[in-house]
Amino acid sequence: MHQEWSLQGVWQCLPDKENILENGIENKIVYAPETHPWQEIIVPSHWQKAGFEQHQGAMWYRKKFLAPNKQENVGYHLHFGGVDYFSEVWLNGVYLGAHEGDFDPFTFSVTGFLRFGTENELIVKVMSVVDKKPERKEIAKGGLYHWDCLPVRQEGLSDCPEVPSAASAHYPNPLVNPGGIWKDVALIAKPIVHIGRLRITPHLRDEYTKANVYVDIEIHNETGQEQDIELRVELTPYNFPKEGREDISQVSSAFLRPGILNHTTRLTVQNPALWWSWDLGNPHLYTAIVEMKIDGTVIDSSSEVFGIREITRDKKWQFRLNGERIFIKGNNYLSDQFLSLMTASQYEQDIQMMLDAYMNMTRLFAHAEKPDFYRLCDEKGIMIFQDLPFQWGYRSDGEFITRAANVARRYVEMLYNHPSIVLWCCHSESRLHDYNKLDNVLMETVKSIDVTRPIHKNSVLIDQGELPAFFATWEEFAKYVPNHLSVNWVGWYWGKITDAEFYNPMFITEYGTQSLPDEESLKKFIVEEKLWPLDMETWRMRGFQNNIYAKMMGEYPTTLGELVERTQEYQVQFYKEHTEALRRKKYNNVNGIMQFHFVNTWPAIDWAIVDYYRRPKKAYYAVVHAFAPLQLSFAGHVERLKDVLRITMEAWIVNDYRHELEGHEISYRLLALDNTVIEERAVLAPLIAPDSSRCFDQAILDLPLTEDVYRIEGELRDKGGNIIARNTKILFPRINVAEVETAAHVNAGL
């Protein structure tokens with residue numbers, strides 16, 4: 001019923017850095033294009049990856065194509081899968097319209113402007129510029145444009161040069177703004193009465209034994225006449241057997257006026273197969289199939305994959321999926337600054353690494369990925385913490401805020417049907433002026449579209465209840481923010497790794513440290529003479545935070561290999577100490593942790609645990625171990641008293657499985673630095689409760705006043721005597737809480 005002619009391949013382009021080619025009254029770039037020196041470019045692509053690496057500004061695109069012969073009762077549409085960022089379109093000299101946003105597809109009706117059976121000329125103007133005011137940005141591209149994990153110009157501040165600050169003019173200045181026609185372009189023929197968007201809204205009832213599924217059908221009637229139609233909606237299993245299940249379908253009639261209208265059908269599913277995250281069950285998916293008939297003949301059909309599930313989040317950030325509480329173990333993810341480079345197989349690789357690390361959630365950092373990523377998360381059972389495309393500061397006037405609300409609306413509508421998306425986050429690290437104006441509008445916009453998912457206002461602020469609606473003064477904001485942060489940079493921007501036990505947050509959206517990729521990867525993006533001895537300007541341009549390194553790790557070693565090892569081992573220690581401490585507090589205020597971040601989005605030196613070439617760093621394997629569903633871990637400290645050295649040690653088991661475990665035994669020992677065994681202990685864990693965290697043994701030893709550092713090592717054995725978990729723990733001197741450096745001490749988040 002639909003026919004499609006792809007226009008991808010070789011196009012012509014013309015860089016227009018100063019945006020001057022359209023300024024003449026005759027607009028010769030459109031109406032006399034042959035007078036300009038066009039060059040070749042591949043579509044789809046970002047132009048920076050298609051031979052125009054340094055270009056920013058306007059880029060003109062030109063494509064000649066042969067249109068098919070005209071068919072009766074068919075409308076023709078020019079479809080763009082995605083253009084980054086502003087676009088304007090002309091067909092055969094006729095101006096079709098404009099579009100803002102890099103993420104969503106858009107379509108123009110071109111039936112009246114096509115030259116059927118002969119050559120047509122398509123011209124597209126694309127605008128993508130580097131914003132001169134990064135804290136008052138004019139474009140909604142979030143993490144794909146302005147982020148300290150992207151190419152930015154680092155300012156030479158003495159405290160923390162790479163970290164943006166709403167209180168300081170020295171924020172990172174973006175160096176690259178991706179631009180271009182980065183998804184497919186096609187001419188599509190559709191019936192003049194056809195189906196548009198489908199929106200699927202499941203509503204679970206009666207203790208999850210019944211689901212009402214609302215199918216909102218957008219219908220386009222381009223005939224100019226009234227139409228009587230018949231709609232048949234069927235729900236059928238997508239990824240599980242149909243055997244033994246009743247057919248679920250409904251037929252209804254509708255009367256169409258000319259134009260676009262919406263029709264809602266409700267179907268009831270008895271004992272629905274629910275969508276679960278991989279660690280709770282199977283991610284069952286259904287297909288909604290809609291057929292439209294006129295006079296008994298099917299004239300159009302459409303389908304959409306969806307899942308039936310319920311997601312809730314309470315005031316303490318406890319998530320429940322279909323009524324089952326779930327502890328979040330996740331990451332922050334942005335696959336590549338140039339999303340045109342990503343393929344389905346690359347997404348499969350990244351998602352498999354997440355699954356191998358026992359992660360059940362990923363936070364898409366202030367952007368939207370390609371459709372393949374969402375499809376795979378739906379199918380694999382990975383939940384998505386979905387940011388809207390807003391990061392740091394924006395213009396604060398009504399014109400931009402109105403545009404931003406339109407972007408937010410289309411963003412949510414595009415992703416609405418994916419069961420993997422379990423939360424909308426309106427803004428990542430917003431500034432005071434954004435928080436008071438833009439963020440309120442974004443919140444209300446999302447609420448008006450989606451009542452099925454939790455919605456959060458600001459990624460780094462969490463409170464027991466709703467966040468404040470506004471802050472009347474900067475002083476109120478500055479007082480509130482450091483004490484309500486959901487980011488845990490203890491051991492990087494403030495504090496020490498050994499302070500991990502001091503923190504008891506409800507939910508962590510970001511925690512991590514920087515480390516270098518291995519030498520093989522570094523040599524791919526830093527030339528040898530700049531690599532070692534390290535050229536600080538080159539390294540900083542790749543994201544290296546030399547001042548934080550010096551604060552946390554001291555002097556530089558004598559070889560590159562030693563530096564790689566030192567930074568990676570520091571990152572390993574960070575994830576081990578923090579993750580294990582937070583998991584021991586599972587459901588004891590702590591309800592989720594999301595490491596920052598998963599993979600480099602360009603060849604860089606930053607916080608990723610997998611480098612740009614998809615080589616895992618040592619910290620990736622540390623996270624795998626720390627996120628294991630059954631974990632043995634140890635806690636404790638050393639306290640120097642007047643006459644003795646008092647050592648406290650604890651043995652914990654964290655069980656993420658949904659079943660209890662019987663007959664296990666913990667054996668562990670305390671060792672001095674020279675590996676001398678000081679104490680050996682064995683304790684039964686006769687019953688390990690499902691979805692739990694519990695201390696099974698605590699011991700206090702008094703030793704002579706000697707060394708201050710000791711190590712615990714131990715094993716967990718099942719009832720057959722098999723070792724199923726191991727772990728170690730360095731015991732450090734007990735923390736004096738009064739001396740712990742917190743986010744408030746360094747004005748973090750400001």
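Keep in mind that the numbers below use all heavy atoms, side chains included, and drop hydrogens, waters and symmetry copies.
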Check: Do you see a donor-acceptor pair shorter than 3.5 Å between the side chains of Arg566 and Tyr549?
Finding: yes
Check: Arg615 and Ser521: side-chain donor and acceptor closer than 3.5 Å?
Finding: yes
Note to self: Does this structure show an ion pair linking Arg658 with Asp279, if we count only N-O contacts that are shorter than 4.0 Å?
What the structure shows: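 No, this pair does not count.
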Checklist line | Salt-bridge criterion met for Arg375 and Asp372 (N-O under 4.0 Å) | finding: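 Judged by the 4.0 Å cut-off on N to carboxylate O distance, Arg375 and Asp372 do form a salt bridge.
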Next item on the list: Give, for atom CH2 of Trp275 and atom CZ of Arg309, the distance between the pair rounded to the nearest 0.5 Å.
Entry: 7.0 Å
Check: Thr558 and Glu562: which non-hydrogen atoms are nearest, and at how many Å?
Finding: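 Here Thr558 and Glu562 meet closest at OG1-OE1, 2.8 Å.
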Note to self: Looking at Tyr657, is its backbone amide N or carbonyl O close enough to the side chain of Asn655 to form a donor-acceptor pair, meaning the two atoms are under 3.5 Å apart?
What the structure shows: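 Indeed, once roles are kept as given, a pair shorter than 3.5 Å links the two residues.
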Notebook entry, point to check: Has the side chain of Asp387 got a donor or acceptor atom that lies under 3.5 Å from a matching backbone atom of Ser459?
Noted result: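 No, the answer is negative, given that no donor and acceptor are paired below the 3.5 Å cut-off.
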Margin query: Show me the pairs that pass salt bridge (Lys or Arg N to Asp or Glu O under 4.0 Å) and involve residues 597-609, at least two apart or across chains.
Written below: none
Margin query: For residues 326-335, which residue pairs pass the salt bridge (Lys or Arg N to Asp or Glu O under 4.0 Å) check, not counting sequence neighbours?
Written below: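 Residue pairs with at least one partner in residues 326-335: Lys329-Asp656.
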Notebook entry, point to check: Taking the six-membered ring for Trp, are Phe507 and Phe385 parallel (under 30°), tilted (30 to 60°) or perpendicular (over 60°)?
Noted result: parallel
Next item on the list: Please state whether the rings of Tyr511 and Tyr575 are parallel, tilted or perpendicular, taking 30° and 60° as the class boundaries.
Entry: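 Tyr511 vs Tyr575 ring planes: perpendicular.
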Item checked: Phe240-Tyr286 aromatic ring centre distance below 6.0 Å ->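 Judged by ring-centre distance (under 6.0 Å), Phe240 and Tyr286 do meet the cut-off.
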Checklist line | Steps toward ring-ring contact (aromatic ring centres under 6.0 Å, His included) verdict (Phe596, Trp489) | finding: CA-CA 10 Å; Phe596 184 93; Trp489 298 104; 5.5 Å; yes
Check: Less than 4.5 Å apart, any side-chain heavy atom of Ser128 and any of Lys141?
Finding: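 Ser128 reaches Lys141 side chain to side chain.
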